[in-house]
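In what follows, chains carry the letters A, B, and so on, assigned in the order in which the sequence lines appear, proteins first and then strands, with residues in each chain numbered from 1.
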Protein chains: 2
Amino acid sequence: MQELNDTEQKIVDAAAKVFLKKGIDGARTQTIADLAGINKALLHYYFRTKEKLFDIVAERVIRNAMNQVLGNISVEQDFEQWLQNFVHNYLAIVSGNPMIPRFMLWEVEAGGGRIAHIVKDILKMDKMDDNPLFKIVNRAIEDKQIRPIDPVQFIISLIAVCVAPFVARPILEKVIPDLKVNSKEFIANREKAILDLFLYGLKIQHCGAEDNALREKLSGSWLLW
Amino acid sequence: MQELNDTEQKIVDAAAKVFLKKGIDGARTQTIADLAGINKALLHYYFRTKEKLFDIVAERVIRNAMNQVLGNISVEQDFEQWLQNFVHNYLAIVSGNPMIPRFMLWEVEAGGGRIAHIVKDILKMDKMDDNPLFKIVNRAIEDKQIRPIDPVQFIISLIAVCVAPFVARPILEKVIPDLKVNSKEFIANREKAILDLFLYGLKIQHCGAEDNALREKLSGSWLLW
DNA sequence: GTCTATAACCGGATAGAC
DNA sequence: GTCTATCCGGTTATAGAC
């Protein structure tokens, strides 16, 4: 990934903000230039066209996000422990960068293949066996730590429940007036809800002695606020 | 909601296709006119501006989608049965209209309040108690059919896992080459995976006699393909 | 490298014939 | 109501001074 000088960096940073919110079509080079504290001419001097700037920004943003996520996947042997780590880290990352998944979902479809091939480039993993997530799930199944689930379905669900509140934030906060998705409280509750869902489901289990303790553990918090 | 004559309907239908894919900024009135089999002048004759056309289209699309979803919420007394119905219907609706959630998520943020107020208008439910989803979850908790979960967290997760594969389809199918999100098989597997997740979680339960039968029931399908 | 001024272009909107 | 031709504003991109 190309090193950038100071001015280029300012432009790319400003462009990232604008592109992530407005997309390539809604973004104005004037807005980017203003935000970067330079003028349009300089933007073109460095990046030639808006589209080339977009490609560079998009690639850096997506690659950076993916590195963060992949770099945070631990190799815990215990699946429950691993899941706790993953959810905790993933929520932290996505709550800090809520615009990135939304941007990708939009531009991959709207941009007629421009983003698509960037994503493809970055995910040079045609062999899904290479994906650490799959490895971890498969190992947990082999070790009988979890029941034999479809890893694809599991991973889709896991990512979905982590990303959803932040991608849908504007809608959620409109539907539920006093919800603050970015608050420490909500994120903590979210983390707990996700872990409980994946580890125990919704049912009240009738499994003997530990049941009451478990039910106690699963009940508490939300009733308080 | 205003009745439309034939020509207006053609324009609105065409506009919906284009707006849903490209957004208001990426959409070209020329594209819409071509798709509708008319010319730009006629589009302006009926709808005055691109923005007014967008507002009308967005409201109709979103209102229609919401009616579909809300109209499909049954009032089963048994929570498990209700969940089965909801997931089945919701997957059918969203797989048939995959662009709508993506469009909403994008435009609510990008459009500086234009869509936001449409959504607000449609969801004239400041009192969340009125939301049938909340009623159903709360009743299931009272009846001890499920453990006492946070309804907000549950609903976010439920919607998320249903919507995710279709919103993320382009990315998913790039990451997992031979995945066909719109295939009957995938949707059926998805439905099963969601229900199993919510009803049982991932753990291998050690709950006595019915356990083996349950494990059998939960294991099967995905290993086959 | 950075700026101001301007060109070139694109796309939404309108005029006016039919 | 529907069309063709045209306008005009906004936005990207370039020229050229410094």
Side-chain angles (χ1 to χ4, degrees), chain A residues 2-61 103 106-107 110-115 118, chain B residues 2-61 103 106-107 110-115 118:
Chain A
Q2 179 70 31
E3 275 297 316
L4 305 177
N5 69 32
D6 259 25
T7 308
E8 288 170 325
Q9 190 65 53
K10 279 194 304 183
I11 297 172
V12 165
D13 289 344
K17 282 208 187 75
V18 178
F19 282 139
L20 281 172
K21 174 152 187 192
K22 297 289 215 172
I24 188 171
D25 293 317
R28 295 288 158 260
T29 53
Q30 185 63 62
T31 312
I32 295 170
D34 291 348
L35 196 59
I38 51 100
N39 53 60
K40 283 189 297 177
L42 202 59
L43 185 154
H44 284 95
Y45 170 77
Y46 279 114
F47 297 98
R48 205 66 197 156
T49 70
K50 176 181 168 179
E51 294 207 345
K52 284 189 175 54
L53 174 58
F54 178 83
D55 287 345
I56 288 168
V57 168
E59 182 175 355
R60 296 176 81 89
V61 163
F103 170 80
W106 180 258
E107 291 287 350
R114 176 178 296 112
I115 285 268
I118 294 177
Chain B
Q2 179 69 33
E3 275 297 316
L4 305 178
N5 70 31
D6 257 25
T7 308
E8 287 170 325
Q9 190 64 54
K10 278 194 305 183
I11 297 172
V12 165
D13 289 344
K17 281 209 187 74
V18 178
F19 282 139
L20 281 172
K21 174 152 186 191
K22 297 288 218 175
I24 188 171
D25 294 318
R28 296 288 159 259
T29 52
Q30 185 63 62
T31 312
I32 294 170
D34 291 349
L35 195 58
I38 51 99
N39 54 58
K40 283 191 295 180
L42 202 58
L43 184 154
H44 285 95
Y45 170 78
Y46 279 113
F47 297 97
R48 206 66 197 153
T49 70
K50 177 181 167 179
E51 294 207 346
K52 285 189 173 54
L53 174 58
F54 178 83
D55 287 347
I56 288 169
V57 168
E59 182 175 354
R60 297 176 79 89
V61 163
F103 170 81
W106 180 257
E107 292 287 350
R114 176 176 297 112
I115 285 268
I118 294 177

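Non-hydrogen atoms lying under 4.0 Å from DNA chain D are contributed by B:Ile38, B:Asn39, B:Ala41, B:Leu42, B:Tyr45, B:Tyr46, all within residues 30-59 of chain B. Within a heavy-atom distance below 4.0 Å of DNA chain C, no residue of residues 6-13 of chain B is found. The stretch residues 17-28 of chain B has no heavy atom under 4.0 angstrom from DNA chain D at all.
A:Lys10 contributes atom NZ, which lies 11.0 Å from atom CG of A:Leu35 (distance to the nearest 0.5 angstrom). In this structure, CD1 in A:Ile11 is found 11.0 Å from OG1 in A:Thr29, a value given to the nearest 0.5 Å. Atom CZ of residue B:Phe54 and atom CD1 of residue B:Ile32 lie 10.0 Å apart, to the nearest 0.5 angstrom.
Using a 4.5 Å cut-off on side-chain heavy atoms (C-beta onward), A:Ile115 and A:Trp106 make no contact.
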Counting only pairs under 3.5 Å, give me each side-chain donor-acceptor contact of residues 12-26 of chain B, with atom names and distances, residues two or more places apart or in other chains.
{"unit_1": "B:Asp13", "atom_1": "OD1", "unit_2": "B:Gln9", "atom_2": "NE2", "d": "3.0"}
{"unit_1": "B:Lys22", "atom_1": "NZ", "unit_2": "A:Ala110", "atom_2": "O", "d": "3.2"}

Next item on the list: Starting from the C-alpha separation in whole Å, work towards a yes-or-no answer on side chain to side chain contact (heavy atoms under 4.5 Å, CB included) for B:Leu53 and B:His44.
Entry: CA-CA 9 Å; B:Leu53 174 58; B:His44 285 95; over 6 Å; no
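Judged as a salt bridge (charged side-chain N to carboxylate O under 4.0 Å, His left out), the pairs with a partner in residues 32-54 of chain B (not counting sequence neighbours) are, in order, B:Glu51-B:Arg114. Identified under the ring pair (Phe, Tyr, Trp, His ring centres under 6.0 Å) test for residues 21-41 of chain A, with sequence neighbours left out: none.
Taking five base pairs at each end of the helix from C:dG1-D:dC18 to C:dC18-D:dG1 and finding the rotation axis that steps the C1' atoms of four pairs onto the next four gives two axes whose angle is 10°, to the nearest 10°.
For DNA chain C, the span of nucleotides reached by chain B at under 4.0 Å from its heavy atoms goes, 5' to 3', from C:dG11 to C:dA15.
Under the side chain to side chain contact (heavy atoms under 4.5 Å, CB included) criterion, B:Asn5 pairs with B:Thr7, B:Glu8, B:Tyr46, not counting sequence neighbours.
The two residues B:Ile118 and B:Asp55 have their closest heavy-atom pair at CD1-O, 3.9 Å.
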